[in-house]
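The block underneath contains the structure these notes are about, expressed in structure tokens.
Read the numbers this way: they start at 1 and go in the same order the structure lists the ligands and their atoms. Treat the numbers as computed from the prediction; the structure is a model and nothing was measured.
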Amino acid sequence: TLSEVFEVKETKMENVFQCLFNDGSERLCTKNMAVGSNVYGERLVKYQGVEYREWNAFRSKLAGAIMKGLKENPVKKGIKVLYLGAASGTTPSHISDIIEEKGKVYSVEFSPRVVRELILVAQKRPNMFPILADARFPQNYRSLVEDADVLYVDIAQPNQTDIAVYNAEFFLKHKGYMLLAIKARSIDVTKDPKEIYKTELEKIEKAGFVAEQVINLDPYDKDHSMFIAKYER
Ligand code: SAM
């Protein structure tokens, strides 16, 4: 069922829209590549013959980052994305909408149970490639993945920054971007988050990244921050 929408406007970010609903609420949304299907219970709306999907910032850290002041979205039409920690495809599906048919999102997830759901999402999205693999071992998916313009990492592991850097060495293009979701408490519960962010930032800078932004995702995500960094190989 389609929800009532009053107006849809494109934001300053390519293929990211604002939907103004009839109930007065304003939400991010993307053009639905899989017309008629939603992924996680989000509302679908039709406006001037085009179907859009609501993009819930409480469910997707990329939407949260946009709401919290992301300056430039490196996820654009036609690019290739390597996504680590795809889960059941909530954020990957919106990336799939943004990059359109010419783009590709390689979606790595290591939980077989979750991958089953991811495959159902990917079946309706020709630009989405689910990969059942452990992100700690990029060798195992090397032959399946092309070099990426964007590396998106959301694996909630204590050594996630090392895993991200290791994958960048394999797949991320020179001047490509990394979006790294960091949960301070999953790295070390006993440390001050500020200290943890500083240490993680130093790690990526040592690996050739130039940090452009660190976004605190509160209130969308209480203890996560998003690092946006450019790769200078
Ligand atoms: N990024 C998703 C989204 O926004 O829709 C949510 C990701 S969830 C926070 C983290 C996911 O990372 C889980 O599904 C987990 O199974 C996966 N994960 C954790 N460690 C992993 C690893 N080493 N390799 C691949 N996936 C991993």
(request) Run through the side-chain heavy atoms of Ile, Leu, Val, Met, Phe, Trp and Tyr, join any pair under 4.5 Å, and report what else lands in Leu120's cluster. (result) none
(message) Here's one to test your reading of the geometry: is the NZ or CZ of Arg59 within 45 degrees of the ring axis of Tyr40 and under 6.0 Å from its centre?
(response)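 Ring-cation test returns no.
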(message) Any salt bridge linking Lys194 with Asp192? Criterion: basic side-chain nitrogen under 4.0 Å from a carboxylate oxygen.
(response) no
(request) Could you pull out all residues at least two apart from Asn38 that satisfy side-chain contact (heavy atoms from CB on, under 4.5 Å)? (result)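 side-chain contact (heavy atoms from CB on, under 4.5 Å) list for Asn38, sorted by chain: Glu42, Leu44.
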(message) Using 0.5 Å steps for rounding, measure from the NZ atom of Lys9 to the SG atom of Cys29.
(response)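 Interatomic distance, Lys9 NZ to Cys29 SG, rounded to 0.5 Å: 11.0 Å.
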One pair per line, please: each N/O atom of ligand 1 matched with every protein N/O atom under 3.5 Å away, atom names first, then the distance to 0.1 Å.
{"from": "ligand 1", "atom 1": "1 (N)", "to": "Tyr83", "atom 2": "OH", "distance (Å)": "2.6"}
{"from": "ligand 1", "atom 1": "1 (N)", "to": "Gly85", "atom 2": "O", "distance (Å)": "3.0"}
{"from": "ligand 1", "atom 1": "1 (N)", "to": "Asp154", "atom 2": "OD2", "distance (Å)": "2.9"}
{"from": "ligand 1", "atom 1": "4 (O)", "to": "Tyr83", "atom 2": "OH", "distance (Å)": "3.3"}
{"from": "ligand 1", "atom 1": "4 (O)", "to": "Thr91", "atom 2": "OG1", "distance (Å)": "2.6"}
{"from": "ligand 1", "atom 1": "5 (O)", "to": "Thr91", "atom 2": "N", "distance (Å)": "3.1"}
{"from": "ligand 1", "atom 1": "14 (O)", "to": "Glu109", "atom 2": "OE1", "distance (Å)": "2.8"}
{"from": "ligand 1", "atom 1": "14 (O)", "to": "Glu109", "atom 2": "OE2", "distance (Å)": "3.3"}
{"from": "ligand 1", "atom 1": "16 (O)", "to": "Glu109", "atom 2": "OE2", "distance (Å)": "2.6"}
{"from": "ligand 1", "atom 1": "20 (N)", "to": "Gln157", "atom 2": "NE2", "distance (Å)": "2.8"}
{"from": "ligand 1", "atom 1": "23 (N)", "to": "Asp134", "atom 2": "OD1", "distance (Å)": "2.9"}
{"from": "ligand 1", "atom 1": "24 (N)", "to": "Ala135", "atom 2": "N", "distance (Å)": "2.8"}
{"from": "ligand 1", "atom 1": "26 (N)", "to": "Phe110", "atom 2": "N", "distance (Å)": "3.3"}

(request) Would you mind listing every ring pair (Phe, Tyr, Trp, His ring centres under 6.0 Å) that reaches into residues 56-86, with sequence neighbours excluded? (result) Phe58-Tyr220, Tyr83-Tyr152
